[in-house]
Structure formats: C-alpha cells, structure tokens
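Please read these numbers as outputs of a predicted model, since none were measured by experiment. Here is the naming used below: chain letters follow the sequence lines, and residue numbers restart at 1 for every chain.
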2 protein chains.
Amino acid sequence: MSTVKALAKGLKILDQLLESHMRPEEFRRIGVTEVAELLEVNKSSASRLLQTLSSYGYAKKDSEQRGYILGPKMHNAAQTGSQVIFRDLARPFIYQLMKSSGESAHTAIVSQGKALIIDDIESAASLRVAGGIGRLEQLHCTAVGKCLLAFMDLTLPRDLPQQTPRTITSYNKLKFHLEEIRLQGYALDDEENLEGGRCLAAPIYDQSAVVIACIGISGPSVRMTLERLPHYIKLVMDCSRELSLSLGYQGHKP
Amino acid sequence: MSTVKALAKGLKILDQLLESHMRPEEFRRIGVTEVAELLEVNKSSASRLLQTLSSYGYAKKDSEQRGYILGPKMHNAAQTGSQVIFRDLARPFIYQLMKSSGESAHTAIVSQGKALIIDDIESAASLRVAGGIGRLEQLHCTAVGKCLLAFMDLTLPRDLPQQTPRTITSYNKLKFHLEEIRLQGYALDDEENLEGGRCLAAPIYDQSAVVIACIGISGPSVRMTLERLPHYIKLVMDCSRELSLSLGYQGHKP
DNA sequence: TCTAAAATTGCATATCACGCAACACTAAGG
DNA sequence: CCTTAGTGTTGCGTGATATGCAATTTTAGA
C-alpha cells in the first residue's frame, strides 16, 4: 500500500483548514509560510498546493486579510448536515399545512444559486403539481425562489429565463416585485413557472431573526383560484410563523 | 500559476464523492474503475489515489458493498453545520436549566472519540466549574461522556486514564456502570473527573428516537451535595425530556 | 514613503506518479 | 462447489511533474 505524496500533502493542509474552521474560538487564517513549516517543504511548494486547493474550491484566499481559509465546497458539506436536521424539524409543520390546505407542501433553501426543495409532502389529490425532493428551482419565477430572494438579501439574478408567458423577465420589474413581497410577507407564483399551477411561499426565521429557508404550497390553478388565495395565504403564513417560533424566533428587534 | 496535478486528481475524486453524498436519492458508491475512467488514468493510479484519500479519512471503503464513499472527515464537517443549528435550538433549554439549578449548564456531542462541549452557560455563582465551549472531555469519567457512552452505542474506550482517585479505570466496572446509567436515564460524575466537582447529564433524543447529544450541569461538590442530588436529577431529566420533545421525539416505539 | 515579511513565479533537476503486467479478491451463475 | 468475469491491488522501471532555489512581486505596518 502506498500513498500519493502530493495528494497527502494537500489533505494535510485541508486538515488544518478544517480544524481552524470547526472551532470558532480558535479560528485563524493559514498562510503559505505556516503551511511550508507544517509540511516541511519550501514556501513555493506550499503556495502551489494552496493554489490548487483554491482552484478546486476547497480553500479560499481570505479577502480581508492574508491567509487561506476553508473553501466553499467544505461549507456546502456543512450546510448539508444542517439541512437534514432542519428538514426533520420542519416536517410536522408542512405535513399539517398539506392537510389544512389540501395541496402539496414543501420546504426550500438556497443552494447553488437556486431554490433547493429539501422536503415535499404531496397532497392526496389526483391533480397536483408534481413533487421533487432534491429538485432545484429557478429563483425568479417560483414562490419559494422569490420568497428567498426577497427575504435573504441574495444577489438578484441577471438571467431571468422565460418559463411561461407570465414569467417576470425584467430585472427592474422583478426588483420592484420583491419589494412588494417583503411588504406582504409572502410570495405568490401566479403561473409564472408552470402554466396551470400556482404556488405560495413564506419565510422561516431562526432565533436570530435571520431567514434561513421558506415553506410553501403548490397546486393547480383550478383549485388555487384567485378567489381562494386569501384562505391559502393565511394557512401558509400561520404555518411559517409557528415554525419560526419553534426555532426560537422572537420577532424582529427594533 | 500552476496546479499540482496529483492533488488536483484527488480533489476531483473528492468532488464526486461529495456529489454522491449530498443527494441521498442519487447516492452510489464509487469504484476504482469508475474513478479511472473519470480521471482518464490507469486503474492502479486510481486505486492509489483512493487509498490516499482513505488513509486521511476523506474517503472510506464501504464495508457492505464494493466501492468508496465519503469519509469521516467530511462527515465531521457536515456535523459541524448540524451542531450550530442544534446548539441554537438547545440554548433556551440549557439557559432555563442553569437558572433553575443555579449551576453551569451545557450541551455536548460526540466528536473525535471524546465529548465535545458545543454550548455552555455559566452560572452566576463565584465558585463554579470552569466553562469551555469547544472543550473536549473524556468519555469515561465525565457525566456527559458517560451519558453519551451509555445511550449512543459507542465503542467503549480501552484506555481509561485516572483523573482523580474516584475515576473508574476498569473496563468491566465501567461497562457495568453504563448499564446502571441506562436504567436510571441519567449519568452522574461523582468527582471522577475533577476533585471537588460533580456533574449530571441526560440524553437528548431526536424524532427517530435516537440519542444525538446530551445536556448536563456542573457544579462544586459543596453545593451539589449527595443530599441535594435528587433535586438536580429531576431538573436535568425534565429539561432533557422537554428538549427531546421539541425535537420531535415521541417516546420509544415497542 | 519605506521596509520587512509574505507570497508568487520561472527554471532545472530529483523525486515520485504513472502505466504495465501480474496477481488477488469477489460476486454471480451453472 | 467450481468457474468466470469483473473489480481492485501491488511491484517495477521510466518519464512526467513536484520540488527547491533564487528572483521578483505584493502587502501590511511604521
């Protein structure tokens, strides 16, 4: 059994970056010189190893100070762990939402510049919007996507592909629309993503009053009519408030 | 700018392992032959790269079927993400526990073969057991450690260093003692880790009735006397039950 | 602005990653 | 149980590349 030495060196660096990251009280950036000492190699070798780790997203040159920190790929792995816990916590709430609304209910978070459906409880109705745990949805034309855009301070996408005739494809129109969503406290997908389908979504706040996800319902327009919308809006917003409270949310501090 | 090619190859494998891991519906083990095709190298090279990743804990040969999966180090990164959410959820409960008991209260999980304190709310009393978010504690002689050993089906450590004259250093004695803890539903550190200090701990169950953590209190023996222990035990166990319920725990199914 | 320390880059050479081939292991089918 | 095909591992020699050196660039602090 043999090891590939260059790879081993890179992984040792990754160990150090991980260790520094996992203990917030002991966080520090790691420099080329420090890595050179750790591996007992020349600084130039250390620099190239760090560059390689960076180019693949496993390390990142800190933008504020000298030194390298853990890169986005490891952050994504950490986020997946949180997703599983959060999904399980939110499940009873969206189950109840599905029951009270009669439509499919789901939980969504931001991932890879899209809205990732991390849980989805389908309604028993024969005509329903197709489900999809793990599905990535466009941000600009889905209720969950727009909800996340409005409440999470995300960078607005520039590319707004048309999904239906009703899709908002203008950056300025979307920007204005998101302001409305913030005032209303919920987002409506009015056949913007799927013809014949409407969705509603509302944000989930954590204990520090930061939005971390959203929940929503999807259904066919023949059932989710504009006349019945207020009924659905109330259900979704009640559910999102209860889930937020269960996460320790205590309302916005002035 | 140049990349270290051998390291780059290893990171590409890690990318694949991560990708497979993050979407449970798309999980699959990755074999040497598949890696060889991905990287366009000979199977022997692929094998050596995977072995190197494995020896550093980033990959793991699956024990049930052929192929490699994401290794414990990446799991640990994922766990850290969950820790932050869990820590925040548990905080109000241990805060209340500190208030009602008058002693420092903490949350602990298993990490690196030890008990990791992920949150710690110190009592206002002048004489108290020193705190330490991020501290790793021995499993065999602390209340949180013994609690995790008893309820989480961990491998019993063989090395049981003596911390005080009261430390249990016999494997068989510890094994028997853990059976007692399982029956009682809580663990007591009776000056086994620190002379003049006693700790109590109780397990936290999640929605699938699996123990994922524990909470505990620590205080000086002059306050946490044997006569007052039942009072403290009740507080700790009440708190652990409430926190478990808030996580969706519904009691043990037969 | 200057200086010292940290980080990066080009080049030649020493090291080791690589492919080949042989072998070992495993799972499935007869 | 035996056979076969596919998967994974190991030893060896060679050429590709990782490395150290030295020069250069960048950066942060006085």
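Judged as a side-chain hydrogen bond (donor to acceptor under 3.5 Å, both in side chains), and not counting sequence neighbours, the contacts of Tyr58(B) are Asp15(A). Partners of Ser44(A) according to the side-chain hydrogen bond (donor to acceptor under 3.5 Å, both in side chains) rule, which considers only residues two or more places apart in sequence or in another chain, are Asn42(A). Every residue meeting the side-chain hydrogen bond (donor to acceptor under 3.5 Å, both in side chains) condition with Glu137(A), not counting sequence neighbours, appears here in chain and number order: Arg135(A). For the side-chain hydrogen bond (donor to acceptor under 3.5 Å, both in side chains) test, residues two or more places apart in sequence or in another chain that qualify with Gln163(B) are Asn193(B). In this structure Tyr249(A) satisfies the ring-ring contact (aromatic ring centres under 6.0 Å, His included) test together with Tyr205(A), His252(A), sequence neighbours excluded. Looking at residues two or more places apart in sequence or on another chain, you find no salt bridge (charged side-chain N to carboxylate O under 4.0 Å, His left out) involving Arg66(A). Applying the ring-ring contact (aromatic ring centres under 6.0 Å, His included) rule to Phe93(A) yields no partners; only residues at least two apart in sequence or on another chain are considered.
Within the 4.5 Å cutoff, the side chain of Ile121(A) has heavy atoms near those of the Arg91(A) side chain. The shortest distance between side-chain heavy atoms of Lys12(B) and Lys9(B) does not fall below 4.5 Å. Two residues are said to be in side-chain contact when any heavy atoms from C-beta on lie closer than 4.5 Å; Leu49(B) and Val35(B) fail this criterion. With contacts defined as side-chain heavy-atom distances shorter than 4.5 Å, the pair Gln16(B)/Glu19(B) qualifies.
Across the interface with DNA chain C, nearest-nucleotide mapping of Gly67(A) and Ala46(B) shows Gly67(A) to be the residue nearer the 5′ end.
In this structure, Lys43(A) places its NZ atom 7 Å from P of dA6(C), rounding to the nearest Å. The distance from atom NZ of Lys61(B) to atom P of dA24(C) is 16 Å, rounded to the nearest whole Å. Rounded to a whole Å, the CG atom of Leu49(A) is 15 Å from the C1' atom of dT9(C). Rounded to whole Å, atom C1' of dG8(D) lies 16 Å from atom CG of Leu53(B). For Lys60(A) and dA7(C), the NZ to P distance is 16 Å, given to the nearest whole Å.
Sorted by first and then second residue, the salt bridge (Lys or Arg N to Asp or Glu O under 4.0 Å) pairs with a member in residues 34-47 of chain B read Arg28(B)-Glu34(B); sequence neighbours excluded.
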Where do N or O atoms of nucleotides 13-17 of chain C meet protein N or O atoms at under 3.5 Å, pair by pair?
| residue | atom | partner | partner atom | Å |
| --- | --- | --- | --- | --- |
| dA17(C) | OP1 | Lys5(A) | N | 3.3 |
| dA17(C) | OP1 | Ala6(A) | N | 3.3 |
| dA17(C) | OP2 | Lys5(A) | N | 3.0 |

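In terms of modelled atom types and a separation under 3.5 Å, the side chain of Ser55(B) and the main chain of Thr52(B) share a donor-acceptor contact.
A close approach under 4.0 Å does occur between a side-chain nitrogen or oxygen of Tyr68(B) and OP1 or OP2 of dT9(D). OP1 or OP2 of dG8(D) has not a single side-chain nitrogen or oxygen of Gln51(B) nearer than 4.0 Å.
One axis for each end of the helix from dT1(C)-dA30(D) to dG30(C)-dC1(D), each built from five base pairs, and the angle between them comes to 60° at 10° resolution.
For the atom pair CG of Leu247(A) and CG of Leu89(B), the computed distance is 6.0 Å after rounding to the nearest 0.5 Å.
Less than 4.0 Å separates DNA chain C from at least one heavy atom of each of the following residues of residues 31-41 of chain B: Val41(B).
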**Request:** Go along nucleotides 22-30 of chain D 5' to 3' and tag each nucleotide: B for a protein heavy atom under 4.0 Å from its base, S when only backbone or sugar atoms are that close, - otherwise.
**Result:** ----BB---
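Side-chain N/O atoms of Arg48(B) and base N/O atoms of dG8(D) include no donor-acceptor pair closer than 3.5 Å.
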